[in-house]
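Start at 1 and go down the list; that is how both ligands and their atoms are numbered. Count residues from 1 along the sequence.
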Amino acid sequence: MPARGTSIDPPPAFVFVGGRPCLDLVDTVAKRGSHDIERLPDGERLGRWLVEAGLATSPPQATGADVRRARELREAVYGLVRCVLDRRRPSEHDAAVVNRLAHDADLVPRLQIGAGGLTAAWHGPAPVAAALSTIARDAIDLLSGPLAGRVKECANPECTLVFLDDSQARRRRWCAMERCGNLAKIGRYRGRAAGETS
Ligand SMILES: [Zn+2]
């Protein structure tokens, strides 16, 4: 922990390329296995992530225990996704973690009427636990259903972000074109990725 007033690098920005809350949570770690960029280092960042993910209207007070639970859920979902991608049998432990967190009351959606039309806001008496429950339930719905086969990992081997390919042709390869897709294009232009197709 840096001393107060010590200048540190800005925290890495959140990315939302997963297409589902549970995959967006998995993507709060990037470059797994090489750099392991952690985007949820503390409660303040978790609270902000929940707002940016649309799971809270204002940053909830997230404790260290909340951060541990969020990361535990994240790694369990990642473990399950990894097994789906690799066509391996999922771990009982990962399934148990998701089931345990899904057991809490989840967030309640509420319609709001504003100047621009109808919007949805999420509420819950214990906002962080409810948000994690909502994410765990999303993982159960996604990974047990027909869309599980559309979960992919970015084709840039360094990136490791996962996403739901909801394109009609099911040929999405990159977490985002402006991230890894363009890097690959540049690579091809330089002849470093000969033979690769988009
Ligand atoms: Zn990527």
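Between Val51 and Thr57 there is no side-chain heavy-atom pair separated by less than 4.5 Å.
Of all non-hydrogen atoms in Val17 and Asp24, the two that sit nearest each other are N-OD1, 3.4 Å.
Put simply, the residue from Val98, Asp138, Val81 that forms a side chain to side chain contact (heavy atoms under 4.5 Å, CB included) with Cys22 is Asp138.
Contact check on Arg137 versus Asp106 returns a salt bridge, with a Lys/Arg side-chain nitrogen under 4.0 Å from an Asp/Glu carboxylate oxygen. A salt bridge links Arg74 to Glu38: at least one charged side-chain nitrogen sits closer than 4.0 Å to a carboxylate oxygen. Ionic pairing of Glu44 and Arg48 is present here: one or more N-O contacts between side-chain nitrogen and carboxylate oxygen are shorter than 4.0 angstrom.
Shown here are the protein N/O/S atoms lying under 2.8 Å from the Zn ion (ligand 1), water excluded: Cys154 SG, Cys159 SG, Cys175 SG, Cys180 SG.
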